[in-house]
A.B. asks: 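Have a look at this one before I ask anything.
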Protein chains: 2
Amino acid sequence: MDTLTVQDQMTDMGRRAKTAALVLATMPADAKDRALREGAKALRLAARAIQEANAKDMAFGREKGLSPALLDRLLLTDERIEAMAKGLEDIAKLPDPVGQVMSEWDRPNGLKISRVRTPLGVIGIIYESRPNVTADAGALCLKSGNAAILRGGSESFNSSHAILDALQVGLAQAGLPADAIQMVPTKDRAAVGALLSMDQYVDVIVPRGGKGLIERVSAESRIPMFKHLDGICHTYVHEKADPEMARQVVVNAKMRRTGICGSTETLLVDRSIAPQMLPVLMADLAAAGCTLRGDAEARAIVPTLDEASDEDWDTEYLDAILSVKVVDGVARAIEHIQRHSSQHTEAIITEDRVAAERFMNEIDSAILMWNASTQFADGGEFGMGAEIGISTGKLHARGPVGVEQLTTFKYKIRGNGQCRP
Amino acid sequence: MDTLTVQDQMTDMGRRAKTAALVLATMPADAKDRALREGAKALRLAARAIQEANAKDMAFGREKGLSPALLDRLLLTDERIEAMAKGLEDIAKLPDPVGQVMSEWDRPNGLKISRVRTPLGVIGIIYESRPNVTADAGALCLKSGNAAILRGGSESFNSSHAILDALQVGLAQAGLPADAIQMVPTKDRAAVGALLSMDQYVDVIVPRGGKGLIERVSAESRIPMFKHLDGICHTYVHEKADPEMARQVVVNAKMRRTGICGSTETLLVDRSIAPQMLPVLMADLAAAGCTLRGDAEARAIVPTLDEASDEDWDTEYLDAILSVKVVDGVARAIEHIQRHSSQHTEAIITEDRVAAERFMNEIDSAILMWNASTQFADGGEFGMGAEIGISTGKLHARGPVGVEQLTTFKYKIRGNGQCRP
């Protein structure tokens with residue numbers, strides 16, 4: 001397939017998405033929810049076919065030499081397919097954001113102003129290895145009345161198309177246009193370039209991938225994006241931390257799943273408690289299979305730690321690796337985080353309310369946690385049903401991007417002949 | 001001043017703005033409001049100096065051959081200076097958006113989630129002839145805890161600097177950093193290029209100007225922008241319109257002030273009432289000094305109309321000119337508007353609720369009005385105190401951009417040791 005054909009094909013997808021978006025914008029909640037529930041059923045019925053498609057992708061991934069973290073992202077087990085189906089059903093249960101009156105007020109001159117949620121239009125989602133994004137992103141766009149153009153990674157090509165087939169069954173059963181959720185039908189990278197150039201059809205781009213992808217989108221495209229950058233998340237064990245709580249939360253924050261963006265990459269421990277806490281924390285983490293890289297002070301206390309380089313503080317491992325640093329109090333912890341964080345999620349473990357509030361007020365990240373695992377940085381865990389990503393940008397969407405973040409609004413003003421003096 | 005120096009100077013401004021933004025982010029409402037009230041006082045005291053500076057700009061503008069509409073935008077009368085001062089006081093009275101809890105909820109696992117407003121950071125505003133933007137934009141940024149870098153048009157250079165001097169008096173009296181509101185101190189156009197490149201310092205660009213400026217920002221800059229594009233606003237007189245109301249609203253919508261973005265540029269009139277309504281409406285408008293350009297059908301009814309060209313339907317006149325078209329019912333009116341509108345503001349005049357709701361639901365513009373003048377498209381008229389512009393984009397800010405739209409948010413999550421299962 002040559003470049004010209006890809007461009008034409010993409011333009012056609014854009015045009016069809018725009019038309020579908022007009023239909024979806026005025027579609028009642030019932031129809032959208034039915035499509036989601038039928039899609040969930042179809043996913044469960046297709047579990048075997050999806051796993052067969054996934055097996056092809058896994059074999060391709062192993063051949064290509066994908067890291068264990070990336071292979072874990074790619075894998076679709078029975079549980080993960082069930083989680084996807086459950087995700088669709090959860091999204092169906094959410095209130096329809098479209099048409100919601102966000103606020104209304106009257107003016108002294110009698111004008112009645114209301115601010116009403118409306119869909120954004122057409123959303124382009126570019127993602128890499130994780131195929132469940134197909135279901136989550138498609139469903140979230142549908143629920144919020146938007147048409148979706150999905151561009152999955154070449155690694156998850158077969159899995160994603162098998163998932164899309166199930167979503168299409170849902171759309172058909174609810175009488176919604178098939179073009180509501182489209183997927184780029186080629187692995188050709190020119191398709192991404194074409195998608196990024198279609199500002200007449202696409203209202204937002206959601207790039208889910210590494211820095212390279214984000215750079216490409218902001219360099220090539222005039223379409224606004226919800227950027228989902230690295231999760232260089234920090235957990236800070238303050239001197240007033242409950243030691244048992246710190247042990248449990250730190251191991252969970254790092255090791256529950258190392259391949260997700262909310263996993264902790266750097267541990268900060270207060271100097272005054274480091275001699276007692278560090279050996280215990282390091283032993284717990286090592287027992288859980290974590291490789292540990294410490295600064296000089298941490299290594300003086302726990303000599304078995306590897307040496308952390310400058311680069312470690314700016315690295316999202318997405319793997320069972322943790323960088324560890326001793327800091328001198330909350331101000332120094334905040335300072336380190338402000339310099340190295342990707343403004344995603346940071347946690348403080350402490351029994352001291354003042355320190356906790358200061359930590360949450362002064363750090364400019366999307367999510368600040370007090371006495372909880374950074375692994376909760378997730379739209380589902382927030383009660384949003386599912387997420388299309390975690391935005392590390394500050395505009396429009398920040399943190400988990402759920403259905404509300406996929407809408408915009410308009411003002412309706414009702415008068416009785418008012419003229420402006 | 002050579003380009004290198006401009007770049008260095010701009011980088012220095014950016015760095016200082018970032019530092020000021022950190023201070024402003026945690027500044028109590030009292031201090032910000034005091035700066036606004038003292039700034040208002042200083043504006044009134046400096047009224048003569050401001051008008052002297054404005055006289056220089058007006059002379060320069062006449063020399064340069066600015067249109068009457070642009071000269072009207074540039075002029076600062078006593079009333080307009082008082083309106084600016086009043087605007088600052090109104091903004092001081094608004095609730096402080098920073099720190100507001102937008103929503104909060106508990107999760108079944110005991111996590112307490114709250115979504116809290118925070119400032120965006122540093123906002124760059126690029127504007128053209130209207131010098132009062134200096135006061136409005138500076139004040140709105142300050143109230144919302146953001147640092148502002150202002151770049152006024154060369155036409156309003158002296159007026160804007162005289163206004164900034166008054167704002168600086170307010171900042172000083174309230175003990176706030178002078179760098180909270182900075183203005184580019186040169187007319188050199190290279191300064192705009194430098195500002196657009198400073199994505200490490202500037203969080204949002206607000207371009208207030210023509211299509212050329214918007215194009216330049218989206219081509220040159222990676223910084224997100226709140227685009228303030230043309231206001232090609234429509235007023236549609238539906239067949240069920242109250243004729244007297246229609247007459248009053250149409251004249252107001254077009255002629256109250258022709259140089260603002262909310263003034264109506266195209267009038268649509270239903271075919272069934274055109275023979276009765278058009279002659280009256282055209283006579284009213286002509287009497288008010290409006291030049292009228294009609295389509296063939298309108299000219300068949302009122303032969304004195306000039307002939308509208310295809311271009312007229314896509315033109316923001318910002319002047320006493322109106323294009324007039326006869327349409328066959330609400331569906332055709334919606335169709336015309338969707339094709340030609342700049343998604344700013346559209347109004348329907350009708351006594352028919354169903355037609356009005358359809359008009360407001362189906363048209364994807366920022367502001368939809370029923371039985372009111374499009375000239376109400378203004379942050380002050382919405383009760384926002386003042387506006388930094390009217391966003392015709394759909395992301396983050398849409399319609400009037402007031403203090404709330406100049407904030408973002410973060411999530412604070414309070415737990416007691418929760419680990420994710």
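These figures come from a predicted structure and were not determined experimentally.
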A.B. asks: If you count heavy-atom pairs within less than 4.5 Å of chain A, which of B/I348, B/I349, B/T345, B/V249 leads?
C.D. replies: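 Greatest number of close heavy-atom pairs with chain A: B/V249.
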A.B. asks: Is it the backbone or the side chain of B/F382 that comes under 4.5 Å from a heavy atom of chain A, or both, or neither?
C.D. replies: both
A.B. asks: First locate atom NE2 of A/H396, then atom CZ of B/R398, and finally report the distance between them rounded to the nearest 0.5 Å.
C.D. replies: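 Between A/H396 NE2 and B/R398 CZ, I get 10.5 Å after rounding to 0.5 Å.
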A.B. asks: Check each atom of B/Q343 against the heavy atoms of chain A and say whether the ones under 4.5 Å are side chain, backbone, both or neither.
C.D. replies: neither
A.B. asks: Please lay out, stage by stage, how B/I413 and A/L368 fare under the test side-chain contact (heavy atoms from CB on, under 4.5 Å).
C.D. replies: CA-CA 6 Å; B/I413 302 187; A/L368 286 315; over 6 Å; no
A.B. asks: Run the side-chain contact (heavy atoms from CB on, under 4.5 Å) check on A/N252 and B/R420 step by step: do they pass?
C.D. replies: CA-CA 7 Å; A/N252 184 270; B/R420 188 168 171 191; 3.9 Å; yes
A.B. asks: Going through the checks in order, is the side-chain contact (heavy atoms from CB on, under 4.5 Å) test met by B/N109 and A/F376?
C.D. replies: CA-CA 11 Å; B/N109 60 11; A/F376 284 110; 3.4 Å; yes
A.B. asks: Between A/C419, A/A372, A/G417, A/G415, who has the most heavy-atom pairs with chain B when the cutoff is under 4.5 Å?
C.D. replies: A/C419
A.B. asks: Which bit of B/D378 comes within less than 4.5 Å of chain A, counting heavy atoms only: side chain, backbone, both or neither?
C.D. replies: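 Contact with chain A: side chain only.
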A.B. asks: Would B/N371 and A/R414 satisfy side-chain contact (heavy atoms from CB on, under 4.5 Å), going step by step from the backbone distance to the final call?
C.D. replies: CA-CA 7 Å; B/N371 288 343; A/R414 296 172 174 91; over 6 Å; no
A.B. asks: Can you list the steps and then say if B/K394 with A/D203 is a salt bridge (Lys or Arg N to Asp or Glu O under 4.0 Å)?
C.D. replies: CA-CA 8 Å; B/K394 287 197 210 174; A/D203 294 286; 3.7 Å; yes
A.B. asks: Measure distances from B/S365 to the heavy atoms of chain A and classify the residue's part below 4.5 Å as side chain, backbone, both or neither.
C.D. replies: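 For B/S365, the contact with chain A is made by the backbone alone.
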A.B. asks: Give a yes or no on this: more than 12 heavy atoms of other residues, nucleotides or ligands lie within 6.0 Å of atom NZ of A/K18.
C.D. replies: yes
A.B. asks: Answer with side chain, backbone, both or neither: which region of B/I363 has an atom nearer than 4.5 Å to a non-hydrogen atom of chain A?
C.D. replies: backbone
A.B. asks: Please classify the contact between B/R257 and chain A as side chain, backbone, both or neither, with a heavy-atom cut-off of under 4.5 Å.
C.D. replies: neither
A.B. asks: Salt bridge (Lys or Arg N to Asp or Glu O under 4.0 Å) for B/R107 and A/E381? Distances and angles first, verdict last.
C.D. replies: CA-CA 8 Å; B/R107 296 292 301 154; A/E381 294 296 327; 5.4 Å; no
A.B. asks: Sort out for me which of A/A356, A/A25, A/A347, A/A219 touches chain B most, counting heavy-atom pairs under 4.5 Å.
C.D. replies: A/A219
A.B. asks: Which heavy atom of B/Q405 sits nearest to which heavy atom of A/Y411, and what is that distance?
C.D. replies: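 For B/Q405 versus A/Y411, the nearest heavy atoms are NE2-OH, 3.9 Å.
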A.B. asks: Which atoms of B/E244 come close to chain A, meaning under 4.5 Å heavy atom to heavy atom: side chain ones, backbone ones, both, or neither?
C.D. replies: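 For B/E244, neither part sits under 4.5 Å from chain A.
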A.B. asks: Most heavy-atom pairs under 4.5 angstrom with chain A, which of B/M369, B/M360, B/Q375, B/M245?
C.D. replies: B/M360
A.B. asks: Look at A/G383, A/P224, A/G399 and state which one has the largest set of heavy-atom pairs under 4.5 Å with chain B.
C.D. replies: A/G383
A.B. asks: Please determine, among B/T26, B/T407, B/N361, B/D364, the option with the most heavy-atom pairs under 4.5 Å with chain A.
C.D. replies: B/N361
A.B. asks: Side chain, backbone, both or neither: which part of B/T118 has a heavy atom under 4.5 Å from chain A?
C.D. replies: side chain
A.B. asks: By a 4.5 Å heavy-atom criterion (distance strictly below it), what part of B/V204 contacts chain A: side chain, backbone, both, or neither?
C.D. replies: side chain
A.B. asks: Can you confirm whether more than 12 heavy atoms, excluding those of B/R222, are under 6.0 Å from its CZ atom?
C.D. replies: yes
A.B. asks: Please look at B/L120 and chain A and tell me whether the side chain, the backbone, both or neither of the residue comes under 4.5 angstrom of a heavy atom of that chain.
C.D. replies: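 Both backbone and side chain of B/L120 come within 4.5 Å of chain A.
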A.B. asks: Give the member of A/R256, A/K112, A/E362, A/Q418 that has the highest number of heavy-atom pairs under 4.5 Å with chain B.
C.D. replies: A/R256
A.B. asks: Can you tell which part of B/A253 gets under 4.5 Å to a heavy atom of chain A, answering side chain, backbone, both or neither?
C.D. replies: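 Nothing of B/A253, per the 4.5 Å heavy-atom cut-off to chain A.
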A.B. asks: Do you know which of A/D242, A/I113, A/V251 has the most heavy-atom pairs with chain B at a distance under 4.5 angstrom?
C.D. replies: A/I113
A.B. asks: Relative to chain A, which segment of B/E215 carries a heavy atom at a distance below 4.5 Å: side chain, backbone, both, or neither?
C.D. replies: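 It is both, since atoms from each part get that close.
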A.B. asks: Count the heavy-atom pairs under 4.5 Å between each of A/T408, A/L395, A/T374 and chain B, then report the option with the highest count.
C.D. replies: A/L395
